[in-house]
Amino acid sequence: MKIKDTLHLGHTNFPMRGSLPKTEPTREKQWEDDHLYEKRLDLNKNKAHFNLHDGPPYANGNIHIGHAMNKISKDIIVRYKNMTGYNAPYVPGWDTHGLPIEQQLTKAGYDRKSMSKADWRRLAHDYALKQVEMQKRDFKRLGVLGEWDNPYLTLNPEFEAAQVRVFGAMAGKGYIYRGLKPVYWSWSSESALAEAEVEYHDLESTSLFYANRVKDGKGVLDNDTYLVVWTTTPFTITASRGITVGPNFDYVLVKPKGQTSKYVVAKALLEENAARFGWKEPEVLATYKGIDLDKITVEHPWDKNITELVMNADHVTLDSGTGLVHTAPGFGEDDYNVGMKYGLPIDMTVDSKGYLMKSAGSDFEGKFYDDVVPLVIEKLKKAGLWLATEKIKHSYPFDWRTKKPIIWRAVPQWFVSIEPFRKEILDQIKDVKFYPDWGEVRLYNMIKDRGDWVISRQRVWGVPLPIFYAEDGTPIVDEKLIDHVADLFAKHGSTYWFEHTAKELLPDGYTNEHSPNGKFTKEEDIMDVWFDSGSSWSGVMQERSYLDYPADVYLEGADQFRGWFNSNIITSVAVNGIAPYKSVIAQGFVFDDKGQKMSKSLGNIISPNDVANQMGTEIVRLWVMSIDSSQDVHVSKDILKQVSESYRKIRNTMRFLLANTEDFDPKKNSVAFSDREPIDKWMTADFNQFIKDWHEKMGRYDFYDLFKQLINFVSNDLSAFYLDVAKDIVYIDEADSSERRSMQTVFYEISVKLTKLLTPFLPHTAEELWENLKEPEAYAYLSEAPRFEKLADADNLLKDWDYFFKFRDLVNKELENAREKTLIGKNAEAALQVTLTEKQMEVFDHLQLDIRKLLMVSQLKETKGQETKVEVTHASGQVDPRDRLYHDDIGADTKFPMFSKKNAEIVEHDFPDLTSEQLED
RNA sequence: GGACUAUUAGCUCAGCUGGUUAGAGCGCUGUGUUGAUAACGCAGAGGUCCCAGGUCCGAGUCCUGGAUGGUCCA
């Protein structure tokens, strides 16, 4: 038998390295097979509810690190709540309608025009479900627990029905109205396009400069004055209803030599325009600011019945043209915005195929928009208003599929008017708790400033707008009818709308005064997907009996102030007058370590599932814990490497605790707090404080603060001090000595409690630890988180110990000096002569500290003095091969002459039959 | 251009109501151990606190302006 074997070195099956990529999936499967999620909730049946409502990711594409951060953060919170006295279900969701899915179908070679809307929707439906399955698999691989078998999908009939009812309720309150708004319009495919379906190419266009005769100069300009404008889209002059100027720009009133007319152009552009128009020596008669010209009116170039209004807006530039822009609110976004502000009508003069309509005037009716340039010029010349024609080459939007140019064109759209309940929303925002707190200001300002919500989309894959039209074209927006449609959707899904006629969708025997012949049509547009997810408080939280409305918390990226946080509170306040959430957590975005966006071309993409398969999901999770996610965060291979170092530190420290409680039976060997050794009392109190801080920080969702606390605790309190000192007791002492059991009690307590605290963050590792503990629950996750305990005099205890730690720093420095002088190697070779102040003496005595042991030196003498001093010499005597300390009494025991007296006694006690001859080095 | 936000050691982060030589962990360097060993201990070197003004006896911390980055709008 070796001397080493007389020690209690401890063993554990918990390996130093986790082989995480291999073991994690097995564990996840086990959780699923064992219904761990359900079991936990079952334990919490009668507890207070805590609802984190999942914001639905879009069901398209692989998950990225941002998704991982989001889902892991949620899982941490949900798991934590479930372990601290709450019933916290987690229902994951997906956003499954919308344009990107339609685009994917197109990319895959399907042609929307060659099939019915219903068939197209079936393809989209199947595609979405496949994406959901893929993403679900990847989310589960992150260790996230939830109701994966029964997630919420915005395409589910019950969700669609709830959404339609939300719409109905808003309609019932009169918040839904129809208006015109310009969109990208492709005449070649006869449809509206989204930004993503537009590509830009160079195009040569004809630009025109012409004059507008002043009608009412408001005392600033007289009737013989002309405002000079330019346009690159001559056909839109048919719908011109105003002229926009820049409020702070200087405009000059000029009279060219030999002319009686006066013209207004931007001062900065006078020279180039004078040259362009052939004006000779233009005389400047006056200068105005744009704002001075506000609300002056001019005549339409050829339609005397139309008066145009001069308006001010910031989109006007002095790059080119005249500084005055002809404005047709139906033909451009800027035009629309300024037109709305000034209350202009939105007149449309072009049909869906790009041909001018009767509203453009009889001369134009039936002509293709791009063919009317000569006619426009002719009319301008006839009116004496034409000034110049130029060809310009510019970047112009094209239909990505037909490769034909597109135009802006106002089409009928459905809107939610915000104004009637804006104040109510703002009041509700004040009652929501935001993390971080500036979220409140941000959401508040957004709601305060936002315009009405355009909810129609000229698309196919979405929830239909449940609106009918009577024979005379009157839209029928009726809550009762909408509820009827909702019932149909609940039963058949919303594709039903496209498979049936208006008549079939209406209740039997429905009549309307606007349809004397009983004929009806239905709206073909669908709802904005933000209305889908924006109704989730109803479609999920209200729909499912075990969830609550309003939810306790929403957690998403800060972009959702414009998105989901926004749409949810609008619909919720509109219908019920309350915010759908009590608190909101906003997170930043993920960039690489240089602050750059992740992109394929930069090669800096960190895919969560790659990391999971190479390093382990635990590393991703610990990364999430380590970052301040309330701001933008960074991730890279190097950062993850650093995180995995931290992981190893945590893992190894826990492993040490497990190994050294191998022979400890918590039921039989536990030592009560009051009976513990001084150092163990300190450790107990210190860890108890750790638990208190932990819960406080969790309450603020400060994960990164917890991470620091954890690493500091593990590195400093445990590894560098307590466990280091502990070795001389746990290894050396008699197996059942009270000192050793006292320490093991603390070891075991920390292993159990720290494992529990880690479970929300590192669930795989926690469960692996749990298998090596002696606790009754089958899973760490089925246990309850530890609580702060009242310990007698703990605060003073911790304060007093600070005297020792300061003293220890000093000793460590002196020992290091001695080491450098090769006076000693390890601490055990040292003997210390220390001078302590009276205060130190008093505190150390009071705490009953064995300073020699705590400093791990062989010998120590202390004297009292004015100031603290430490002197290091080499220890005297010989080394005891068992505890490796120097002793002056080696050989004192005749039975084991190689040992000191103390070690000989221990061996005799623990191994009564052993003789010295049986021992070897 | 607007709303909100960030910028402290190589990395991840602390620095409360302004007050002595700006901190932690990791990493790095050196070193000790070899009974936590692809582990553990000890020590050390790293910072013009984004820049420029200002207030103050005194500013990383307050004010003003600017630079750079981010999200969402326009």
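Letters go in sequence order (proteins before strands), and every chain restarts at 1. Because the structure is a prediction, the values reported are computed rather than measured.
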Quiz item: With respect to the phosphate group of B:C11, does any side-chain polar atom (N or O) of A:Lys708 fall under 4.0 Å of OP1 or OP2?
Solution: no

Quiz item: With no hydrogens and no angle check, do the side chains of A:Asp717 and A:Tyr722 hold a donor and an acceptor under 3.5 Å apart?
Solution: no

Quiz item: To the side chain of A:Val441, which of B:A24, B:A39, B:C4 is closest?
Solution: B:C4

Quiz item: Is NZ or CZ of A:Lys902 both nearer than 6.0 Å to the six-membered ring centre of A:Phe899 and within 45° of the ring axis?
Solution: no

Quiz prompt | Whole-Å gap separating C1' (B:C40) and CE (A:Met654) | solution = 17 Å

Quiz item: With a 3.5 Å cut-off and no angle check, do the side chains of A:Asp528 and A:Trp453 form a donor-acceptor pair?
Solution: yes

Quiz item: Under 4.0 Å: is that the gap between some side-chain N or O of A:Arg808 and OP1 or OP2 of B:C42?
Solution: yes

Practice problem: Return no unless some side-chain N or O of A:Arg655 is found under 4.0 Å from OP1 or OP2 of B:U37. | Solution: yes

Quiz item: Choosing from B:U34, B:U37, B:C72, which nucleotide comes nearest the side chain of A:Arg884?
Solution: B:U34

Exercise. Report yes if at least one side-chain N or O of A:Tyr731 is closer than 4.0 Å to OP1 or OP2 of B:A36; otherwise report no.
Key: yes

Exercise. For the side chain of A:Ser719, starting at C-beta, report the closest nucleotide among B:U33, B:G70, B:G41.
Key: B:G41

Self-check item: Under-3.5 Å donor-acceptor pair between A:Arg442 side chain and B:U71 base
Solution: yes

Practice problem: Round to a whole Å and report the spacing from CD1 of A:Ile627 to P of B:G70. | Solution: 18 Å

Quiz item: Quick one: is B:A36 close enough that its OP1 or OP2 comes under 4.0 Å of any side-chain N or O from A:Lys727?
Solution: yes

Quiz item: Does any N or O donor sit under 3.5 Å from an N or O acceptor when you compare the side chain of A:Ser715 with the base of B:A24?
Solution: no

Quiz prompt | Short side-chain donor-acceptor distance under 3.5 Å, A:Asp693 and A:Gln689 | solution = yes

Practice problem: Please say which of A:Leu426, A:Asp427, A:Ile425 ends up in a side-chain contact (heavy atoms from CB on, under 4.5 Å) with A:Lys423. | Solution: A:Asp427

Practice problem: Side chain of A:Arg17 only, please: which of B:A14, B:A38, B:A36 is the nearest? | Solution: B:A38

Quiz item: Roughly how many Å is it from CD in A:Glu645 to P in B:C28, rounded to a whole number?
Solution: 7 Å

Quiz item: Using the glycosidic torsion, which applies to B:G53: syn (within 90° of 0) or anti (everything else)?
Solution: anti

Exercise. Check every atom of B:G25, B:G70, B:C42 against the side chain of A:Asp632 and return the nucleotide holding the closest atom.
Key: B:G70

Self-check item: Closest nucleotide among B:G25, B:C40, B:C72 to the A:Asp724 side chain
Solution: B:C40

Quiz item: Where the side chain of A:Arg562 is concerned, which of B:U71, B:C73, B:A36 is the nearest nucleotide?
Solution: B:C73

Quiz item: If only side-chain N and O atoms of A:Asn827 are considered, is one of them under 4.0 Å from the OP1 or OP2 phosphate oxygen of B:C42?
Solution: no

Quiz item: Are A:Lys649 and B:G41 close enough that a side-chain N or O sits under 4.0 Å from OP1 or OP2?
Solution: yes

Quiz item: Within less than 4.0 Å of OP1 or OP2 of B:U12, is there a side-chain N or O belonging to A:His634?
Solution: yes

Exercise. Choose from B:A43, B:A6, B:G41 the nucleotide whose nearest atom is closest to any side-chain atom of A:Gln631.
Key: B:A6

Exercise. Describe, in one word, how the ring planes of A:Tyr748 and A:Phe664 are oriented to each other, choosing from parallel (under 30°), tilted (30 to 60°) and perpendicular (over 60°).
Key: tilted

Quiz item: Any side-chain N or O of A:Tyr444 under 4.0 Å from OP1/OP2 of B:A3?
Solution: no

Quiz prompt | B:C11 to B:U5 separation - C1' atoms, rounded to the nearest Å | solution = 22 Å

Quiz item: Is a donor-acceptor pair below 3.5 Å formed from side chain A:Glu816 to base B:G30, judging by atom type as modelled?
Solution: yes

Practice problem: Answer yes or no: side-chain N or O of A:Gln642 and base N or O of B:C11 forming a donor-acceptor pair under 3.5 Å. | Solution: yes

